Amino acid sequence: MDPAFPCLHVITDARPGRAPLAVVTAAVAAARQLGATDRLAIQVRVEDDVTDRALFELAAEVVARCRPAGVTCLVNDRLHVALAVGAEGAHVGAEDLPVAAARKVLGPAGVLGATCRDPDAARAAVAAGASYLGVGPAFATVTKPGLPAPLGPERIGAVARAVPGVPIVAIGGVTADNAAELVRAGAAGVAVVGAVAGAADPGEATARLLKVLP
Ligand SMILES: Cc1ncc(COP(=O)(O)OP(=O)(O)O)c(N)n1
Ligand SMILES: Cc1nc(C(=O)O)sc1CCOP(=O)(O)O
Ligand SMILES: [Mg+2]
């Protein structure tokens with residue numbers, strides 16, 4: 001597995017009333033303080049009704065904070081915006097471009113994540129060109145409605161075993177208290193929204209997660 005693959009993916013919460021750029025700034029600063037900027041990725045995620053223009057402006061500001069620090073920036077769903085802002089890559093799921101099409105848009109060097117929930121889907125996503133897999137929901141979450149029942153660590157481990165060497169990023173209800181269990185089960189890292197974006201101190205929350213991850 002690529003040792004440089006970020007083990008902590010902090011996903012922005014850009015819903016009304018949130019402050020995604022303040023959270024990103026704090027997360028990057030916390031990683032820098034720990035000498036761990038290569039272990040952090042910021043995924044720019046907005047609600048579906050947010051315009052491309054608004055996502056572009058937010059993502060450009062995120063890249064401006066990540067690039068100088070050596071933090072990976074990924075854009076959720078919208079490949080054209082990822083390319084337009086010069087992000088390292090993108091993440092796609094069942095409602096987005098199919099993985100093979102996303103890989104075609106992104107090009108061979110881009111980091112492309114795909115959401116999977118079982119071993120067969122994992123093998124198919126990797127064969128189609130995914131660089132890493134987002135696997136969840138690991139545990140119950142209130143951040144995103146309409147998800148299937150939680151997989152739990154064991155079933156996330158089964159997905160990891162299906163695609164040896166491909167980083168598995170566990171997502172859904174992940175906190176600093178349960179992240180290590182997911183890594184023990186086979187995840188290379190975790191992705192979080194609420195644990196950082198919803199924290200009173202997003203920088204401290206980022207540091208706590210980095211300290212329990214490989
Ligand atoms: C790391 C990671 N894993 C899964 C997801 C979910 O992506 P997707 O299925 O496309 O759903 P939305 O995030 O678009 O609602 C993710 N974003 N990141
Ligand atoms: C965006 C997303 N996708 C999921 C999936 O399982 O596909 S779970 C999720 C939300 C994760 O938020 P939190 O860290 O606050 O639980
Ligand atoms: Mg999506």
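Computed from a prediction, not measured in an experiment: that's the story for all the values here. One-based numbering, in listed order, for ligands and for the atoms of each.
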Colleague: Just to check, does G173 reach to within less than 4.0 Å of ligand 2 when the distance is taken from its heavy atoms?
Modeller: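 Contact present.
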Colleague: For atom 18 (N) of ligand 1, what's the nearest protein heavy-atom neighbour? Residue, atom name and distance, please.
Modeller: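 Closest protein heavy atom to atom 18 (N) of ligand 1: Q43 NE2, 3.0 Å.
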Colleague: Identify whether the distance between the nearest side-chain nitrogen and carboxylate oxygen of E88 and R67 falls below 4.0 Å.
Modeller: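 A salt bridge is present here (some side-chain N lies under 4.0 Å from a carboxylate O).
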Colleague: Tell me the protein heavy atom at minimum distance from atom 5 (C) of ligand 2, and give that distance in Å.
Modeller: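 Checking every protein heavy atom, the shortest distance to atom 5 (C) of ligand 2 gives R117 NH1, 3.5 Å.
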Colleague: Hey, what's the angle at the Mg ion (ligand 3) spanning OD2 (D96) and OD1 (D77), nearest 10 degrees?
Modeller: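 About 80° at the Mg ion (ligand 3).
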Colleague: Regarding H91 and D96, do their side chains bring together a donor and an acceptor under 3.5 Å, going by distance alone?
Modeller: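 There is no such pair between these side chains.
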Colleague: Which is closest to atom 15 (O) of ligand 2 by heavy-atom distance: T175, L147, T143?
Modeller: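 That would be T143.
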Colleague: Taking all non-hydrogen atoms of both residues into account, name the closest pair between L74 and A90 and its distance.
Modeller: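 What the structure gives for the nearest pair is CD2-N, 4.0 Å.
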Colleague: Answer yes or no for K144: is there a heavy-atom contact with ligand 1 below 4.0 Å?
Modeller: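 Contact present.
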Colleague: Number the atoms of ligand 2 from 1 as they appear, then name those within less than 4.0 Å of a heavy atom of G136, with their elements.
Modeller: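 It comes down to these atoms of ligand 2: 6 (O).
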Colleague: For G194, counting its heavy atoms only, list the atoms of ligand 2 lying under 4.0 Å from any of them.
Modeller: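 Taking each heavy atom of G194 in turn, ligand 2 has 13 (P), 14 (O), 15 (O) under 4.0 Å.
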Colleague: Would you mind reporting whether L209 and T206 have side-chain heavy atoms less than 4.5 Å apart?
Modeller: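 No, every pair of side-chain atoms sits at 4.5 Å or beyond.
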Colleague: Which atoms of ligand 2 are found less than 4.0 Å from any heavy atom of V192?
Modeller: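 Selected atoms, number and element: 14 (O).
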Colleague: Report yes if the distance between the aromatic ring centroids of H80 and F56 is under 6.0 Å, otherwise no.
Modeller: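 Ring-ring flag for H80/F56: false, centres at least 6.0 Å apart.
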Colleague: Report the part of I11 in contact with ligand 1, treating N, CA, C, O as backbone and CB onward as side chain, heavy atoms under 4.0 Å; options are side chain, backbone, both, neither.
Modeller: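 Side chain only.
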Colleague: Just jot down the ligand 1 atoms closer than 4.0 angstrom to any heavy atom of A191, in number order.
Modeller: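 Reading through ligand 1 atom by atom, the close ones are 1 (C).
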Colleague: Could you list which atoms of ligand 1 come closer than 4.0 Å to a heavy atom of D77?
Modeller: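 Selected atoms, number and element: 10 (O), 14 (O).
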Colleague: If the threshold is 4.0 Å, N to carboxylate O, is there a salt bridge linking R184 and E154?
Modeller: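 E154 and R184: not salt-bridged.
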Colleague: Out of all atoms in ligand 2, which are within 4.0 Å of some heavy atom of R45? Include the element for each.
Modeller: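 Answer for ligand 2: 1 (C).
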Colleague: State, with a plain yes or no, whether a side-chain heavy atom of I168 is found less than 4.5 Å away from one of V163.
Modeller: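 Answer yes - side chains close enough.
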Colleague: Between V135 and V169, is the side-chain contact (heavy atoms from CB on, under 4.5 Å) condition met? List the steps.
Modeller: CA-CA 6 Å; V135 183; V169 178; over 6 Å; no
Colleague: List the closest protein heavy-atom neighbour of atom 10 (O) of ligand 1: residue, atom name, distance to the nearest 0.1 Å.
Modeller: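 Result: D96 OD2, 3.0 Å.
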Colleague: Could you list which atoms of ligand 2 come closer than 4.0 Å to a heavy atom of P137?
Modeller: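 Listed by number with element: 6 (O).
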Colleague: Can an N or O of I171 be found at a distance shorter than 3.5 Å from an N or O of ligand 1?
Modeller: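 In fact, backbone or side chain, I171 has no N or O that close.
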Colleague: Just wondering, more than 12 heavy atoms not from E47 lying within 6.0 Å of its CD?
Modeller: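 Counting other residues, nucleotides and ligands, CD of E47 exceeds 12 neighbours.
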Colleague: Is it true that D177 and R208 have a side-chain N and a carboxylate O under 4.0 angstrom from each other?
Modeller: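 A salt bridge is present here (some side-chain N lies under 4.0 Å from a carboxylate O).
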Colleague: Quick one: does I42's side chain get under 4.5 Å of V71's, heavy atoms only?
Modeller: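 Yes. Closest side-chain heavy atoms under 4.5 Å.
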Colleague: Verify whether one side chain among T12 and R18 offers a donor that lies under 3.5 Å from an acceptor in the other.
Modeller: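 No, no side-chain donor-acceptor contact under 3.5 Å.
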Colleague: Given D48, L133, T115, identify the one with the heavy atom nearest to atom 7 (O) of ligand 1.
Modeller: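 Selected option, by shortest heavy-atom distance: T115.
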Colleague: Can you find an N or O of H9 that's nearer than 3.5 Å to an N or O of ligand 1?
Modeller: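 There is no such contact.
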Colleague: If the cut-off is 4.0 Å to any non-hydrogen atom of G172, which atoms of ligand 2 fall inside it?
Modeller: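 Under 4.0 Å from G172, ligand 2 has these atoms: 8 (S), 16 (O).
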Colleague: For atom 16 (O) of ligand 2, what is the closest protein heavy atom, and at what distance to 0.1 Å?
Modeller: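 Checked against all protein heavy atoms, atom 16 (O) of ligand 2 sits closest to T141 OG1, 2.6 Å.
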Colleague: Please state which protein non-hydrogen atom is closest to atom 2 (C) of ligand 2 and give its distance, to 0.1 Å?
Modeller: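 The closest one turns out to be I171 CD1, 3.6 Å.
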Colleague: Select the closest option to atom 2 (C) of ligand 1 among H91, R45, E95, judged by heavy-atom distance.
Modeller: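 It is H91 that holds the nearest heavy atom.
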Colleague: Can you confirm whether I171 sits close enough to T115 that some side-chain heavy atom of one is under 4.5 Å from a side-chain heavy atom of the other?
Modeller: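 They are not in side-chain contact.
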Colleague: Should you measure from each heavy atom of G93, which atoms of ligand 1 turn up under 4.0 Å away?
Modeller: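 That gives atoms 8 (P), 9 (O), 10 (O) of ligand 1.
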Colleague: Could you tell me the residue and atom name of the protein heavy atom closest to atom 14 (O) of ligand 2, and the distance to it rounded to 0.1 Å?
Modeller: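 Result: V193 N, 2.9 Å.
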Colleague: Is there a side-chain contact (heavy atoms from CB on, under 4.5 Å) between T72 and L40? Walk through the geometry before answering.
Modeller: CA-CA 7 Å; T72 298; L40 176 66; over 6 Å; no
